[in-house]
S.K.: 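Here it is: the structure, laid out below.
Each chain gets a letter, A, B and so on, in the order the sequences are listed, and its residues count up from 1.
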Protein chains: 2
Amino acid sequence: MERGFKVTSFLSTFVNKVDRKGRVSVPAPFRAALSEASYQGVIAYPSLADSAIDAFGRAMLEDLNQRRLDKTMADGEFEQALLGTDNMIDTIMAMAHELPFDGEGRILLPTLLAEAAGITDRAAFVGRGTRFQIWAPETFEKHQLDAVTSLRTRLRENGNGT
Amino acid sequence: MERGFKVTSFLSTFVNKVDRKGRVSVPAPFRAALSEASYQGVIAYPSLADSAIDAFGRAMLEDLNQRRLDKTMADGEFEQALLGTDNMIDTIMAMAHELPFDGEGRILLPTLLAEAAGITDRAAFVGRGTRFQIWAPETFEKHQLDAVTSLRTRLRENGNGT
DNA sequence: TGACAAACCATGAAATCCCATGATAACCCA
DNA sequence: TGGGTTATCATGGGATTTCATGGTTTGTCA
């Protein structure tokens, strides 16, 4: 499948401090994955599935909108482009924040996002392949433990982890 | 497909005050997205789908008109192109207001538009990717909550997050 | 000449930039 | 391979700029 951007990879988990001003360092490896992008920063919004923040590079966002726009335009459905029937992308656009890096590679966590994820003084950056998440460390630890346990159980029962 | 403007110009939600004269600051990030246009301001009209104001830059308007023309010409519908039968784009053009920025990046909300959206003293600027909307904050909050809730439900049922 | 809109100017709060520091990890050479 | 040196990186705080907001004055059209 043709994609308009390079597939970046986010791996592993890093816990960083949130300072008094609400700033957090994005882990250097994550920044490196985005270093070639024209926009230096990340797009973030409250995860729909977890009590966390979902994030990725701007390229991913452009791709999403481009696809939608191309589709409606190709069908001659300009009206769709104007009406914006309330689909997922529209809803996410409204919640999404553009978080540019400062000179030191930090981002400023918007209060709304921090609260949605229950983040106060520390933030866990969790790699998820093409995107990553930001959790309150304690919340993530529990979540991860549950995930691992249920995977192990399933493996033992089915001998199959898919 | 080549397009003359960036696909994702408007992101996130900003709530600003409407002063006694009916002026509101357009969020700086939105202004930045329009900064290269020759016309410094926005096009706005009452949304046909929501209780809100729909808005975008001139580039979008011209793009739409161009596309419509291309399509009708391609279909051999010259008559339509000339006569301009009453389609959605025509209807919208008739309702649309041109709202120029003042020196500080504010626009003056026409009473008609403000009333249509139920806006009084505060206005929520909601990014929708290629365009944006202006809502009464309370109305939008409800609307967004509904959208997110139904998305979450759908996610849980389908197990499909794309 | 009166009402309204546009340009102009002022201000406080918040975001951004810039520099400093300590800790850790990578490196290099004997 | 060990031990010291250097580079990277997370973190903190102060200085500076941006930005939203409010008011005043000037211009314009009915």
S.K.: Would you indicate what A:Asn16 reaches in the nucleic acid, counting non-hydrogen atoms under 4.0 angstrom: base, sugar-phosphate, or nothing?
M.R.: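 Sugar-phosphate contact only - A:Asn16 comes under 4.0 Å of backbone atoms but never of a base.
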
S.K.: Between the side chains of A:Asn65 and B:Thr8, does any donor sit under 3.5 Å from an acceptor?
M.R.: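 Distance-only check passes for A:Asn65 and B:Thr8.
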
S.K.: Nearest-Å distance, CZ (B:Phe14) to P (D:dC19)?
M.R.: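 It works out to 11 Å between those atoms.
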
S.K.: Under 4.0 Å, heavy atoms only, any strand: does B:Pro27 hit a base, just the sugar-phosphate, or nothing?
M.R.: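 Sugar-phosphate: the residue B:Pro27, judged by heavy atoms under 4.0 Å, touches backbone atoms but no base.
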
S.K.: Whole angstroms only, please: what is the CG-C1' distance between A:Leu108 and C:dC17?
M.R.: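 That distance rounds to 13 Å.
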
S.K.: Taking donor-acceptor contacts at under 3.5 Å, does the side chain of B:Lys21 reach the base of D:dG22?
M.R.: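 Between D:dG22 and B:Lys21, which were checked side chain against base, a qualifying N/O pair under 3.5 Å is absent.
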
S.K.: A:Asp102 has an atom CG; how far is it from atom P of D:dC9, in whole Å?
M.R.: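 Rounding to the nearest Å, CG of A:Asp102 and P of D:dC9 are 14 Å apart.
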
S.K.: Report the nucleotide, chosen from D:dT21, C:dT16, D:dG23, that has the shortest atom-to-atom distance to any side-chain atom of B:Ser25.
M.R.: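 Of the candidates, D:dT21 comes closest.
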
S.K.: Which nucleotide, D:dG22, C:dT16, C:dA5, lies nearest any side-chain atom of B:Lys17?
M.R.: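 In terms of side-chain proximity for B:Lys17, the closest of D:dG22, C:dT16, C:dA5 is D:dG22.
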
S.K.: Among the candidates D:dG23, D:dG12, D:dA15, find the nucleotide nearest to the side-chain atoms of A:Arg106.
M.R.: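 Among the listed nucleotides, the one closest to the side chain of A:Arg106 is D:dG12.
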
S.K.: Closer than 4.0 angstrom, basic N to acidic O: yes or no for A:Asp121 and A:Lys17?
M.R.: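 No.
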
S.K.: The side chain of A:Arg31 lies closest to which of these nucleotides: D:dG12, C:dA15, D:dA10?
M.R.: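 My answer, after comparing the listed nucleotides, is D:dA10.
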
S.K.: Rounded to the nearest angstrom, tell me the gap between atom CZ in B:Phe30 and atom P in D:dC19.
M.R.: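 Taking CZ of B:Phe30 and P of D:dC19, I get 14 Å after rounding.
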
S.K.: Output the single nucleotide from D:dG22, D:dA20, D:dG12 whose closest atom is nearest the side chain of A:Asp19.
M.R.: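 From the listed options, D:dG12 comes nearest.
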
S.K.: Look at atom CD of A:Glu141 and say whether more than 12 heavy atoms of other residues, nucleotides or ligands are closer to it than 6.0 Å.
M.R.: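 At most 12 heavy atoms, drawn from other residues, nucleotides or ligands, come within 6.0 Å of this atom.
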
S.K.: Charged N to carboxylate O below 4.0 Å: is that the case for A:Glu138 and A:Lys142?
M.R.: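 Looking at A:Lys142 together with A:Glu138, the answer is no, because their closest N to O distance does not fall below 4.0 Å.
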
S.K.: Does A:Glu98 come within less than 4.0 Å of A:Arg58, counting only side-chain N to carboxylate O?
M.R.: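 Yes, charged N to carboxylate O under 4.0 Å.
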
S.K.: Can you measure A:Asp121 atom CG to D:dT11 atom P for me and round it to whole angstrom units?
M.R.: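 That distance rounds to 11 Å.
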
S.K.: Round to the nearest Å and state the distance from B:Ile107 atom CD1 to C:dA5 atom P.
M.R.: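 Atom CD1 in B:Ile107 sits about 14 Å away from atom P in C:dA5.
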
S.K.: For A:Arg20, answer base if it contacts any base atom (sugar-phosphate contacts may also be present), sugar-phosphate if it contacts only those atoms, and nothing otherwise; contact means non-hydrogen atoms under 4.0 Å.
M.R.: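 Counting heavy atoms under 4.0 Å across all strands, the contact made by A:Arg20 is with sugar-phosphate only.
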
S.K.: Side chain of B:Glu104 only, please: which of D:dT11, D:dA20, D:dT21 is the nearest?
M.R.: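 Of the options given, the side chain of B:Glu104 lies nearest D:dT21.
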
S.K.: Taking CD from A:Gln40 and C1' from C:dT16, how many angstroms apart are they, rounded to a whole number?
M.R.: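 Distance check: A:Gln40 CD to C:dT16 C1' gives 16 Å.
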
S.K.: For B:His97 and C:dA5, what is the distance between atoms NE2 and P respectively, to the nearest whole Å?
M.R.: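 Rounded to the whole Å, the gap is 13 Å.
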
